[in-house]
Amino acid sequence: MVDQYCEDPSHEDKEMATTTEGANLLLYLKRKLLSAETAGKLEYMKYKVLSQNGLYSYARTKRKAPRIEVDEAPLPQGAISGPSAPQEAIEVASPRGRRLPEEPQLQVIQGLFYGKYAPPDLPPVPSLRSLIQVHSKPFEKQLTSSDVRDDQSRLSMCKEDVENHIFPLLKDDEDPNQGIPVTTYDMGGNEYPMVFKTWVSKTHVLTGGWKSFCHDRGLVEKTDFVTVWVFRNVVNGSLCFAINSRRFPAVSEAIKKRRRQN
DNA sequence: GTACTGCATGGGC
DNA sequence: CGCCCATGCAGTA
């Protein structure tokens, strides 16, 4: 696209027009009130770009309230409005994990993620904030070929992550061996119905909508890493996942996961 | 045949 | 050696 402009002798005029157009668009957008859906998508794009460059630190960034005033979905009854609504979200401690209140949270996370990456404790999806009260900390997985292959495409998760981040959130009547229906959200707030299940062989998987999630985002093995948050929908109590992905084109081998030292 | 599920296996740690 | 997990492939709808 840029090359075309360079070869075109009248490109300066066009460029000028484009610049003016762009400036007008930016001015317009600055005043534009966004729908919840559009705001969510923009937030997702921002998060994706910044998280890939390791620049995103959602938890530490002071954020203005999202400009959502038109078409905003009504908040569930009892929910406090505003960006900091679920302040008292309850984090479920892992059975093995010790809770050391003085310890900075970032240190706890480090070592579990690839590179310098500290995803927020809560999925950075504005439309989900009022739904989350009970949740666990995120975990990450480098995708394998069986995670993304068309004839398989189920997300397998390791024992440690499942025991630490999913099992603590399960209710008594939810049996992973039977399969638990879950709703998975992407960073745009789009829903994918999936099933979380533990096979007889003790493999833990996410099936069902995982395939379309994979397709929609064009996920590939090894270079793509998914971050998984697990929480309960405070309104209907259902088990929910939120999944984001980051891509490292330079990564072409399986990364060995560091053993947790307890 | 196609899409999907889930058990069994073997390599790696 | 035992455990874990990626995946091969058999079975089902």
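This one's a predicted model, so the numbers in the text were calculated from it and none came from an experiment. Letters A, B, ... are given to chains in the order of the sequence lines, protein chains preceding strands, and every chain is numbered from 1. What's counted below: heavy atoms across the whole structure, side chains too, no hydrogens, waters or symmetry copies.
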Nearest to side-chain heavy atoms of A/Trp199, which nucleotide of C/dC5, C/dA6, B/dC7: B/dC7
Just one of A/Val195, A/Leu206, A/Ile166 clears the side-chain contact (heavy atoms from CB on, under 4.5 Å) bar with A/Val182, so which one? A/Leu206
Could you tell me whether the phosphate oxygens of C/dA6, OP1 or OP2, come under 4.0 Å of any side-chain nitrogen or oxygen in A/Ser145? no
Parallel, tilted or perpendicular: rings of A/Phe248 and A/Phe225 (30°, 60°): perpendicular
Expressed in angstrom and rounded to an integer, what is the separation of A/Asp150 atom CG from B/dT2 atom P? 13 Å
Counting only side-chain nitrogens and oxygens, does A/Ser146 get under 4.0 Å of the OP1 or OP2 atom of C/dA6? no
Short side-chain N/O contact to C/dA6 OP1/OP2 from A/Ser156, under 4.0 Å: yes
Starting the side chain at C-beta, find the nucleotide from B/dG6, C/dC5, C/dT7 nearest to A/Cys158. C/dC5
If I take atom CD in residue A/Glu221 and atom P in nucleotide C/dA6, what distance separates them, rounded to the nearest angstrom? 12 Å
According to a strict under-4.0 Å criterion, is A/Arg149 in side-chain N/O contact with OP1 or OP2 of C/dG8? yes
A/Trp210 CH2 to B/dT5 P, straight-line distance once rounded to whole Å: 14 Å
Quickly work out the A/Leu155 CG to B/dC4 C1' distance and round it to whole Å. 16 Å
Does the side chain of A/Lys202 get closer than 4.0 angstrom to OP1 or OP2 of C/dA6 through an N or O atom? no
Ignoring backbone atoms, test whether A/Lys159 places a side-chain nitrogen or oxygen under 4.0 Å from the OP1 or OP2 oxygen of C/dC5. no
Could you walk me through whether A/Thr184 and A/Phe196 pass the side chain to side chain contact (heavy atoms under 4.5 Å, CB included) test, one step at a time? CA-CA 10 Å; A/Thr184 299; A/Phe196 167 68; over 6 Å; no
Which other residues belong to the hydrophobic cluster containing A/Trp199, where Ile, Leu, Val, Met, Phe, Trp and Tyr are joined when side-chain heavy atoms lie under 4.5 Å apart, directly or via other members? A/Val205
Go nucleotide by nucleotide along DNA chain B from the 5' end; which of A/Gln152 and A/Thr203 gets its closest nucleotide reached first? A/Gln152
Whole-Å distance, A/Gln142 CD to C/dC5 C1', equals 14 Å
Whole-Å distance, A/Ile255 CD1 to B/dG12 P, equals 17 Å
Closest listed nucleotide, where the reference is the side chain of A/Ser201 and the choices are B/dT5, B/dA8, C/dA6: B/dA8
Between C1' on B/dG6 and CZ on A/Phe196, what's the gap in Å once rounded to a whole number? 15 Å
With distance as the sole criterion, is a donor-acceptor pair present between the side chains of A/Thr203 and A/Lys197 under 3.5 Å? no
Take atom NZ of A/Lys141 and atom C1' of C/dA6, then tell me their distance rounded to the nearest Å. 8 Å
